[in-house]
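We count ligands from 1, going down the list as the structure has it; atoms in each ligand are counted the same way. Every heavy atom of this structure was used, including side-chain atoms; hydrogens, water molecules and symmetry mates were not.
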Amino acid sequence: MGELPRRVRVVVEAPQHAAMAIALDYLSDRALPAGTLVRVPLGKREVTGVVWDEEPAGAAARPHTVPTELRPVAQVFDALAPLGAGWRALVSFAAGYYQRTVGELALSVLPPELRRIDGVALARRLARLRAKGLADAVAAQPATPDPGAVEQPELDAAQQAALQAIATAAAHQPPAAVLLHGVTGSGKTEVYLRLAARVLAQGRQVLVLVPEINLTPQLEARFAARFPGHRLVAMHSGLTPARRLRHWLLAHLGEADLVLGTRLAVFASLPRLGLIVVDEEHDASYKQQEGARYSARDLAVWRGRAESVPVLLGSATPSLESWQRALEGRYCHVALPGRIGGGALPRVRFVDMNLLPRTRGVTTALAAPLVEAIESRIARGEQSLLLLNRRGYAPVLHCADCGWKSDCPHCSAWRVFHKSDRTLRCHHCGYTQRVPRACPACGNPDIQPLGRGTEMLEEQIAELLPTARVARIDADTARRRGALESSLAAVHAGDVDVLVGTQMIAKGHDFRRITLVAAVNPDIALFASDFRAPERLFALLMQAAGRAGRDAQQAAGSEMWLQTWHPRHALYAALRAHDYEAFAASQLAERRSAGLPPFTHLALLRAEARQAAPAAAFLEAAARAVAGLDGAEAVTVYPPVPPAVARVANVERLQMLLESPSRRALQRLLTAWREPLTALRAEHRGVLRWAIDVDPLTI
Ligand code: ADP
Ligand code: ZN
Ligand code: ZN
C-alpha cells in the first residue's frame with residue numbers, strides 16, 4: 001500500500017472515426033506495465049482495454065498532478081501476462097498504416113471471448129487450462145495422413161539448395177524475407193517442415209499462415225504428424241469462441257509451439273516467435289475486407305523484420321507485388337524448379353469454343369473430346385475435376401417475351417437461380433424469393449435460365465455421363481456443418497468420379513487420383529474490368545492444374561483442359577507452357593506503363609449513402625480537402641466512381657481512388673487527411689459509412 005493514484009493510458013475499442021486520442025486516461029492505484037489487460041468504464045458501459053504506454057516518468061514522479069476527475073480502472077487482468085512489446089508494435093503499425101485507431105485494431109484482433117469475459121472469468125479459464133494440461137488443446141487429426149508426413153524424406157538437391165539459401169537470408173540483420181517459388185508438389189511444404197524443425201529445436205515458436213480455414217486440417221495433420229512432441233494450435237474464425245480463446249492463450253503463454261491459422265493469426269501473441277510461413281502468399285484471402293482492411297501477408301513481412309524473425313512466402317504463382325520485390329532483390333528469391341520425383345506437370349489442352357457445333361444457339365456444357373477424355377478416366381478408375389467459378393444453377397433468369405430479368409430490387413445485380421431449393425437469391429444482399437411460376441412482368445410461363453452455374457453443370461454432367469458418380473463442392477454445398485469434410489473424404493476415398501466445383505476445389509487439396517482438370521468457362525475472368533483479374537485467373541488455373549497428377553506415377557498422363565473462345569490469348573499461352581515468369585513479365589510491363597501497383601501505391605476512400613448524391617458530395621469535398629495537406633503534391637486523386645456493383649441492400653456505394661508513386665507520401669497524406677475527413681463526415685449527414693482501404697485488392 002501507500003502508492004498514490006497514478007494515470008494510466010488505456011486503448012479501448014472506439015468507433016473508427018470518433019475524434020478520440022490514441023488512448024484514454026484512467027486512474028490506477030499502482031503502476032501497470034504496458035500490455036496489461038484491464039476493464040475500464042466507458043460512458044455507462046465497462047469495456048476491456050489494453051494499457052498502452054508505460055506511465056511517463058514525470059507523471060509518476062509528480063502524482064499530485066493527476067487530475068482527480070479521471071475514472072479509476074475497474075479491474076486488472078492480473079492472471080494474464082501483459083501483451084509483449086512486439087505485439088504492441090505490430091498493432092500500432094497496422095493501425096497507422098491502415099488508418100484505424102489503435103484501440104479498434106488492438107481489441108478487434110484479440111479473441112472475441114477475451115473481450116467479453118472479465119478478469120475473474122479469465123483467471124478461472126487459465127487455471128482450468130493449466131490443470132487440464134494440453135491434452136485436448138491439440139485439435140483432432142483428420143483421417144488422411146500424408147505418406148511423407150511422419151517419415152522425413154531425404155531432401156532433393158533443389159530443396160537442399162533452398163534451405164541453404166533461406167539460411168543465408170535468415171542470417172541477415174534483419175533477416176530478408178524469402179519468396180519460395182515452386183509449383184504444387186515441388187516440395188515447398190517439406191521445406192517449411194524442415195525450417196520449422198530447426199526453429200522448434202531452438203525452443204522458439206512457428207507461425208504458419210494459410211489462406212483458408214478449409215486448408216488448415218490438412219496442413220495441421222502434416223505438422224502434427226511430423227512434430228508429435230510439440231504443441232500445435234489452430235487459429236481461425238471457425239473455432240468456437242472458447243476454443244479460439246484457449247488456443248490464443250496457449251500461444252500467448254508460450255505453451256503452443258506451432259500456430260497454424262488464417263489471416264487473423266498474424267496478430268497472435270507469440271513471445272518466442274522464431275519463424276513465419278505464409279503459404280499461398282498470393283491468395284486474396286490474406287486481405288481483410290472489412291473493418292481494418294489489413295493484409296496479413298504484408299503484416300507478416302513487417303512483423304518478421306520488426307522481430308528479426310525469418311519470413312517465408314510460398315507460392316506457385318507469387319503475387320506481382322512479391323514477385324517485383326524479388327526481382328528488385330528486396331526479397332530473396334528461392335525456386336523449386338519441378339515436381340518432387342520429376343513428376344510431369346499436366347499437359348494443357350484447349351477446346352476452341354468457336355469451332356463447336358451449337359444446338360439451338362447454345363453450346364453444350366462440355367465439348368465432345370473433353371467428355372471422352374473424362375470417360376476414359378472413369379474407365380481407368382481415375383478422377384476428374386471440373387472448375388466453374390460460378391455457383392448456383394444460372395446467374396440470371398429471363399423472359400424472352402418481354403425482356404424481364406431476375407434483378408435484385410435492392411442491388412444493382414442479378415439474382416441467381418438456385419434450382420435445388422427453387423429460389424432466386426441475391427449473392428450481394430441475400431434477398432431470396434421462390435422462383436416465380438411465370439414472368440412477373442408479362443405472365444409468360446416460359447422463363448429461362450441464362451448462363452451456367454455449378455448446379456447446372458453438375459446436372460449436365462450427370463446427363464452426359466449417366467454412370468459417373470458426380471459430386472459438387474461450392475459455398476452452397478459447404479454451408480451445412482461437416483458437409484465439406486464428408487465431400488472431400490468421398491473424393492479421397494475414390495467414391496467420386498467427377499468433382500464439380502468453384503475455386504474452393506482448386507485450392508490446396510491433395511487429391512491423389514485426379515488426372516484431369518478442366519476449366520469449363522475461364523473466359524469470364526479474362527475481360528473483367530479489375531486490373532488484377534488476369535493475375536487472379538492465372539493463379540487459379542495454375543493452382544487447379546496443380547490438382548492433377550499429384551501422384552508421380554499418374555503425372556505423365558495428367559491433363560488440364562480449358563474451354564475457351566480465346567485460345568490464343570497470351571495468358572493461356574503462358575499457362576500452356578507452365579510459365580509463370582513469362583506471364584509475370586508481361587503483366588508487370590503492362591502495370592508499369594499503366595502506372596498500376598506494384599509500381600504505384602493505391603488507397604480508396606469509400607462512402608455509402610441511401611442516395612448516390614450525398615456520397616458523391618462527401619467524396620468531392622474530401623478531394624478538395626486534400627489540397628495543401630502533407631504529401632498531397634505526390635498523390636493523384638481521381639474522381640469518385642461507383643464500384644462494379646454500385647447498390648447493395650439499398651445502399652449506394654461510391655469510391656475515390658488515390659494513387660502515388662511514393663508509399664510514404666500516400667501514407668503522410670492519409671494520416672493528415674483523417675481529421676478533415678472526420679469533420680466533413682459531420683457536415684455530410686447523408687453519408688452512412690465511410691472507410692479508407694489502403695492497398696485495395698479490387699478497385
Ligand atoms: P508443395 O508444398 O510444393 O505442394 P509438398 O512439400 O507437399 O509440395 O511435396 C509434395 C509431395 O512430395 C508430398 O507428398 C511430400 O510428402 C513429398 N515430398 C516432398 N519432398 C520430398 C522428398 N525430398 N522426397 C520424397 N518425397 C517428398
Ligand atoms: Zn415477361
Ligand atoms: Zn440484393
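Within the sub-2.8 Å shell of the Zn ion (ligand 3), the protein contributes these N/O/S atoms: Cys408 SG, Cys411 SG, Cys426 SG, Cys429 SG.
The minimum heavy-atom distance between Gly392 and Val416, with the atom names listed, is CA-CG1, 3.9 Å. For Ala316 against Val183, the heavy-atom pair with the smallest separation is CB-CA, 3.7 Å.
Nearest residue to atom 18 (N) of ligand 1 from Ile340, Leu180, Leu219 is Ile340 (criterion: closest heavy atom).
Judged purely by distance below 3.5 Å, without hydrogens or angles, the side chains of Arg263 and Tyr286 never pair a donor atom with an acceptor atom. No side-chain donor-acceptor contact under 3.5 Å links Gln433 and Thr423. For Thr698 and Asp530, the side-chain atoms include no donor-acceptor pair closer than 3.5 Å. For the residue pair Tyr192 and Glu190, no side-chain donor N or O sits within less than 3.5 Å of a side-chain acceptor on the partner. For the residue pair Arg339/Thr184, the side-chain donor-acceptor check at 3.5 Å is not satisfied.
For Arg390, there are no salt bridge (charged side-chain N to carboxylate O under 4.0 Å, His left out) partners at least two apart in sequence or on another chain.
Residue Glu190 has at least one heavy-atom neighbour below 4.0 Å for each of these atoms of ligand 1: 6 (O), 19 (C), 20 (N). Ligand-side atoms of ligand 1 in range of Asp156: 23 (N), range being under 4.0 angstrom from any heavy atom. Near Glu154, the atoms of ligand 1 lying under 4.0 angstrom from a non-hydrogen atom of the residue are 22 (C), 23 (N), 24 (N).
Within the 4.0 Å heavy-atom criterion, the part of Val183 lying near ligand 1 is the backbone and not the side chain. At a heavy-atom distance under 4.0 Å, only side-chain atoms of Arg222, from C-beta outward, approach ligand 1. Heavy atoms of Gln159 found under 4.0 angstrom from ligand 1 belong exclusively to the side chain. When non-hydrogen atoms are compared, ligand 1 lies under 4.0 Å from neither the backbone nor the side chain of Glu280.
Within the 4.0 Å heavy-atom cutoff, Gly182 does not count among the residues contacting ligand 1. Close to ligand 1: Arg512, with a non-hydrogen atom less than 4.0 angstrom away.
Residue-to-ligand polar distances keep Pro153 apart from ligand 1: every N/O pair is separated by 3.5 Å or more. Here's the thing with Thr184: none of its N/O atoms is less than 3.5 angstrom from an N/O atom of ligand 1. At a 3.5 angstrom cut-off on N or O pairs, Gly187 counts as close to ligand 1.
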**Report entry** side-chain contact (heavy atoms from CB on, under 4.5 Å) between Phe583 and Leu575, intermediate numbers included
**Finding:** CA-CA 8 Å; Phe583 173 74; Leu575 189 76; over 6 Å; no

Query - Criterion side-chain contact (heavy atoms from CB on, under 4.5 Å) on Gln503 and Gln543, from CA distance to verdict - result: CA-CA 9 Å; Gln503 54 166 355; Gln543 207 155 23; over 6 Å; no

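No donor-acceptor pair under 3.5 Å is formed between the side chain of Thr262 and the backbone N or O of Ile213.
Taking CG from Leu313 and CG from Leu180, the interatomic distance works out to 9.0 Å, rounded to the nearest 0.5 Å.
Every pair tested for side-chain hydrogen bond (donor to acceptor under 3.5 Å, both in side chains) that includes a residue from residues 156-170 fails, sequence neighbours excluded, so the list is empty.
At a threshold of 4.5 Å between non-hydrogen side-chain atoms, the residues Thr502 and Leu388 do not count as touching. Within the 4.5 Å cutoff, no side-chain heavy atoms of Met560 are placed close to those of Arg576. A heavy-atom distance below 4.5 Å is not found between the side chains of Asp257 and Leu232.
Protein-derived N/O/S atoms nearer than 2.8 Å to the Zn ion (ligand 2) total 4, waters excluded.
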